Amino acid sequence: MNDRYEPSNFESEWRERWKTADLFRTREDLNREKFYGLDFFPYPSGAGLSVGHCRNYIPTDVLCRMKFMQGYNVLHPMGFDAFGLPAENEAIKRQSHPAPMIDQYAKRYQDQMELIGIGYDWSRSFKSSDPSYYKWTQWIFKKLYEKGLAYRKDAEINWCPKDKTALANEEVVGGLCERCGTPVEKRAIPQWFFKITEYAQQLIDDLDTVDWPEGIKALQRNWIGRSEGVEFEMEITFSKDGDPAVAPAEDSGLDGFEVKSNKKASSFRVFTTRIDTIFGMTFCVLAPEHPLVRTIKQSVDAERVSEIEAYQASAKALSDMDRQAANREKTGVFTGAYAINPANDNRVPLFIADYVLMGYGTGAIMAVPAHDQRDFEFAVKFGLDVIPTFEPDTDYLKPFAEEGENLETTKARYLEDAKTFDPVFDAKSGVMVNANEFNGMTSEQGSQALADFIETAEIGERKINYKLRDWLISRQRYWGCPIPVVYDKDGHPDVVPDDALPVMLPDVENYAPGDDGSSPLSHIEEFVNATTNDGGLGRRETDTMGGFACSSWYFLRFCDPHNTGQAWDPEKVKYWMPVDCYVGGAEHAVMHLLYARFWTKVLFDLGLVDVKEPFQRLMNQGQVLALTPYRQPHEGETLGVGEDGILVSFEDAKDMPENDLDWRWVRMSKSKGNVVTPEEAVEQYGADALRIYELFVAPFEQNVQWSNEGMQGAVRFLSRVFRLASEIAPNFDADWKSKIGSTIPDGKSTDIRRATHKFIAKATDDIEKFAFNTYIAAAMTTVNTLNDLMKGMKSPTEGEKLALSEAMESLVVCLAPAAPHSADEIWSALGGKGFTYQLDWPKANAELAKEDKVTIAVQVNGKLRDTLEVAAGTANDELEQAALASEKVKSFTDGLTVRKVIVVPGKLVNVVAN
RNA sequence: GCCCGGGUGGCGGAAUGGUAGACGCAGCGGACUUAAAAUCCGUUGGCCGUAGGCCGUGAGGGUUCGAGUCCCUCCCCGGGCACCA
């Protein structure tokens, strides 16, 4: 046997053998438990995989391999998220059709995944762009439609002028297109939506039932944004001082406008989470798009109408980025109308302002500047009253107290003129003032009492609002799943019958999107012209579904990927679902994971699946960073927004003085030129070395820094395993299992077996809990320990031979998930048959793993002073005696009185003395 | 601003409230070699030293016989959200 790791001699051969043996074909043996391990559905990019991408595939593979060896039926599939913008954009750039391009890229991905030895069942693979797959994506669309969860709405959408498509809210980051960074515009186009909002509460509640990182759960809860409050109605009037008045208040700076009509105009509803602050309401605000504005315009004079319209126009022209710019100064205009506060009948001016969003709540608010920072800023700018309705506590007042001022005085000042107190008091503590019969209540009491008041008065009710918006699914693009809808001559949509599925994506020459917002499909007559369900002339929907639709159910299809008669056999889905362990990057925390959960819940409600949550356990891997050269800008060069250095190519960096360079750890990406491919890593170090390195270098969730030295370390470790195996090989007894129980332990056999069983236990636990770094560390420790034990062992005793055989076999088997090529190579060199993958995962024997001697730490007053070697299980009082007898302890307790002795069995003795 | 993560040797990182620094990288010393690489053996938190001791897990308090670990306050780094009423 070779005594070092020489991957080029055996790795590719083993991969061939695995393939020939169809080793990773999913087994569906009903007598066994199932384990479904899944990686996020990757989009196959032209750049191929980097070693960074391997960082989730390797750990999932390790877990799945162990589960299989433990006797589970393992489903470990892989496919490709082929539809969508990235593929289409790349195809347009390369002037090639996306379909063959994607096939080629997917092939490369598969080759790369195979190269690093990932044990996928490729017989179950598919691409989301396969008609046999998207047929069922369309079928699910129909199910949603039939359940009233897919609807069409003429809506203002986020429009990316560069990608020429509508974007979901989640694809707009800071007003920019997430993909290309172009400022997003608004356009009104009829769009298809999925009613995810209907499931908002369930999507929050069921997070409690899954084993996900708390951070991701928090992100989702935050995104769904539940808030409890009260929605109530306020009447409006056009006079400040009661009927029949004409002019607005003089003190509000809003006079000088004639009111054309004084009739009771209408009413509007507001949503607030702080009904307890209603007595502090000094104005109200409508979103510029609020429908009531139209009514108001009919009742105010022309000058005001033009002011309102000018403001509405400017609000509309603002891009989301500008509108949401941080710390932007508040803008708005007075409408000429007043709202009547139902709590005290005060009339307060009604404004329109773009800091109120039409899309949330009712698109209208009651403004309480004393206790809301946004309202405060608005009030200050427009000279409106700031009336506190909560007495602040001392914590709030302290910073405002003047030199030597009594806080009572500060409070009096505050209550007199809160306008100078910035930032505002959030009124979560303190008691109510200026609130009639509610005075003296806490926030909690006031909220309940005033909610009751609103409900009793029948002008509103307690309500829960969510930030979550419905899921915009339409894309005006070619490369996506066609929406299975036909419109009749009146423009009414209907879904196509099941036997007309799939609505095939036509093969076209020109698939570039039009810049008028029309899908390329709309120019293909044969596609557009269709027949309605009642045989009439129809027009086919030409938008396609956004890519997230396709990835919202692929995990179900993997359970039954070749079914032509249905999306899946319910029995198969019942068997395999949920995914037991789902592994991927945290960047999909809200989008994909929320959509997939939503579809699963809908399908559950339809009785099509019997899980409410698709992914029982979720794990997010860290990224792989590469050291990348940057430099400071030269004279005359300017940096882009958010950049603090200029990227330098590795080529140029070689010729630059080291002082000018600034090396940084950044994520591997093609654009940074810092990618290491699996091919390079495998060629230089070997596939198992890559696997070991990525597992060992840091905890799974953490980012890691790519290092050639680290790879070298993995190679060294594997070589030590080979050397150990080659040393044990002459004494290896394949039959050790049947002999070891009846052989009397001798020599170092007990120590060897202890090391073996400690490792088995550690490996099993650590893999289960994704602690791969300590799993590999334990393997290294075991190799080192066995090496030490074998030192000077010229001719091992019978017991030692058997113990070493057990040790070597266990080591190889337990290392097989991490280093499968090497494990199989060593296993076969030891005379083993078949593949390590087919061997049983060993069970640790706790008795054998137990130490017979333990080291007891002896402390005096909590400081380590001595250690004792004692037999395991030594009684507490014996430990105490031994500790007190220690010379070192005596020297530290000399002249002191021993007050207490604390004994932790098998661990430590602490002598407390003073 | 709000919500999540994190701050431990020269570096990556280990440590159910119980001997801080497992394991690895880098370094140092040695063996092998004509020499080097590779490999192997030893060593490696800092300070003072003969023994031995003192100090050490971002900072400061606290709980405890005992704190990297639990509690409070603060600082720094990374990520997410951000006018959501």
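Just so we're on the same page: letters track the sequence lines, and every chain starts at 1. A quick note: this is a predicted structure, and the numbers were derived from the prediction, not measured.
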In whole Å, what separates the [atom1] atom of [N] from that of [M]?
{"N": "B/G58", "M": "B/C76", "atom1": "C1'", "value": "7 Å"}
{"N": "B/A31", "M": "B/A36", "atom1": "P", "value": "11 Å"}
{"N": "B/A67", "M": "B/A59", "atom1": "P", "value": "15 Å"}
{"N": "B/G62", "M": "B/C23", "atom1": "C1'", "value": "35 Å"}
{"N": "B/C71", "M": "B/U63", "atom1": "C1'", "value": "7 Å"}
{"N": "B/G7", "M": "B/G13", "atom1": "C1'", "value": "13 Å"}
{"N": "B/U44", "M": "B/A35", "atom1": "P", "value": "28 Å"}
{"N": "B/A20", "M": "B/G56", "atom1": "P", "value": "13 Å"}

Worksheet item: Could A/E461 and A/K463 be called an ion pair, given the rule that one side-chain N must be under 4.0 Å from one carboxylate O?
Response: no

Discussion item. Salt bridge or not between A/E709 and A/R716? Use side-chain N to carboxylate O under 4.0 Å.
Written reply: no

For the pair made of [atom1] in [X] and [atom2] in [N], what is the distance, rounded to whole Å?
{"X": "A/M234", "N": "B/A85", "atom1": "CE", "atom2": "P", "value": "16 Å"}
{"X": "A/L695", "N": "B/G24", "atom1": "CG", "atom2": "C1'", "value": "14 Å"}
{"X": "A/L815", "N": "B/C23", "atom1": "CG", "atom2": "C1'", "value": "14 Å"}
{"X": "A/W212", "N": "B/C4", "atom1": "CH2", "atom2": "C1'", "value": "16 Å"}
{"X": "A/K467", "N": "B/G80", "atom1": "NZ", "atom2": "C1'", "value": "11 Å"}
{"X": "A/K888", "N": "B/C54", "atom1": "NZ", "atom2": "P", "value": "13 Å"}
{"X": "A/D372", "N": "B/A82", "atom1": "CG", "atom2": "P", "value": "18 Å"}
{"X": "A/I216", "N": "B/C3", "atom1": "CD1", "atom2": "C1'", "value": "13 Å"}

Proximity to the side chain of [X] - top-ranked nucleotide from [options]:
{"X": "A/L908", "options": "B/A85, B/C41, B/U19", "value": "B/U19"}
{"X": "A/M780", "options": "B/C23, B/A38, B/C54", "value": "B/C23"}
{"X": "A/T855", "options": "B/C81, B/U19, B/A85", "value": "B/U19"}
{"X": "A/Q705", "options": "B/C3, B/G12, B/C83", "value": "B/G12"}
{"X": "A/K907", "options": "B/C23, B/G18, B/A85", "value": "B/G18"}
{"X": "A/R865", "options": "B/A38, B/G53, B/U19", "value": "B/G53"}
{"X": "A/N773", "options": "B/G13, B/C3, B/A85", "value": "B/G13"}

Scan [X] against the nucleic acid and name what it touches under 4.0 Å (heavy atoms): base, sugar-phosphate only, or nothing.
{"X": "A/P213", "answer": "nothing"}
{"X": "A/V904", "answer": "base"}
{"X": "A/K863", "answer": "sugar-phosphate"}
{"X": "A/K762", "answer": "nothing"}
{"X": "A/R899", "answer": "nothing"}
{"X": "A/D375", "answer": "nothing"}
{"X": "A/N784", "answer": "sugar-phosphate"}
{"X": "A/T362", "answer": "nothing"}
{"X": "A/F892", "answer": "sugar-phosphate"}

Report the base-pairing partner of [N] (Watson-Crick or G-U wobble, both distances below 3.5 angstrom), or none.
{"N": "B/A85", "result": "none"}
{"N": "B/G10", "result": "B/C25"}
{"N": "B/A35", "result": "none"}
{"N": "B/C65", "result": "B/G18"}
{"N": "B/C74", "result": "B/G58"}

Item to complete: Quick one: sort the A/F283 and A/F378 rings into parallel, tilted or perpendicular, breaks at 30° and 60°.
Response: parallel

Discussion item. For A/Y775 and A/F772, take the angle between the two ring planes, folded into 0 to 90°, and tell me which bin it lands in: parallel under 30, tilted 30 to 60, perpendicular over 60.
Written reply: perpendicular

Polar side chain donor-acceptor pair, [X] to [Y], under 3.5 angstrom:
{"X": "A/Q201", "Y": "A/R226", "value": "yes"}
{"X": "A/E587", "Y": "A/N620", "value": "no"}
{"X": "A/N708", "Y": "A/Y685", "value": "yes"}
{"X": "A/T197", "Y": "A/D470", "value": "yes"}
{"X": "A/Y311", "Y": "A/T331", "value": "yes"}

Worksheet item: If you pin A/V697 and A/K769 to their nearest nucleotides in RNA chain B, which one's is more 5'?
Response: A/V697

Discussion item. If you assign A/A698 and A/T273 each to the RNA chain B nucleotide with the nearest heavy atom, which residue ends up on the more 5' nucleotide?
Written reply: A/A698

Discussion item. I'd like to compare against my own output: the B/S/- annotation of nucleotides 63-79 of chain B with a strict under-4.0 Å heavy-atom distance to protein.
Written reply: --BS-------------

Practice prompt. Please say whether more than 12 non-hydrogen atoms of neighbouring residues, nucleotides or ligands are located less than 6.0 Å from NZ in A/K381.
Written response: yes

Worksheet item: Crowded around A/K428 NZ? As in, over 12 foreign heavy atoms under 6.0 Å?
Response: no

Worksheet item: Can you tell me if the side-chain N/O atoms of A/K463 get under 4.0 Å from OP1 or OP2 in B/A85?
Response: no

Worksheet item: For B/C2, does either OP1 or OP2 sit under 4.0 Å from a side-chain N or O belonging to A/R221?
Response: no

Item to complete: Assert yes or no for the condition that the ring centre distance of A/F717 to A/F696 is strictly below 6.0 Å.
Response: no

Worksheet item: So, A/F390 versus A/F425, ring centres under 6.0 angstrom or not?
Response: no

Item to complete: Rounded to the nearest 0.5 Å, what's the gap from OH on A/Y360 to CZ on A/R469? Could you check?
Response: 8.5 Å

Worksheet item: How should the glycosidic conformation of B/G80 be described, syn or anti, under the criterion that syn lies within 90° of 0?
Response: anti

Is there any protein nitrogen or oxygen under 3.5 Å from a nitrogen or oxygen in nucleotides 25-28 of chain B, and what are the pairs?
| unit_1 | atom_1 | unit_2 | atom_2 | d |
| --- | --- | --- | --- | --- |
| B/C25 | OP1 | A/R716 | NE | 2.9 |
| B/C25 | OP1 | A/R716 | NH2 | 2.8 |
| B/A26 | OP2 | A/R716 | NH2 | 3.3 |

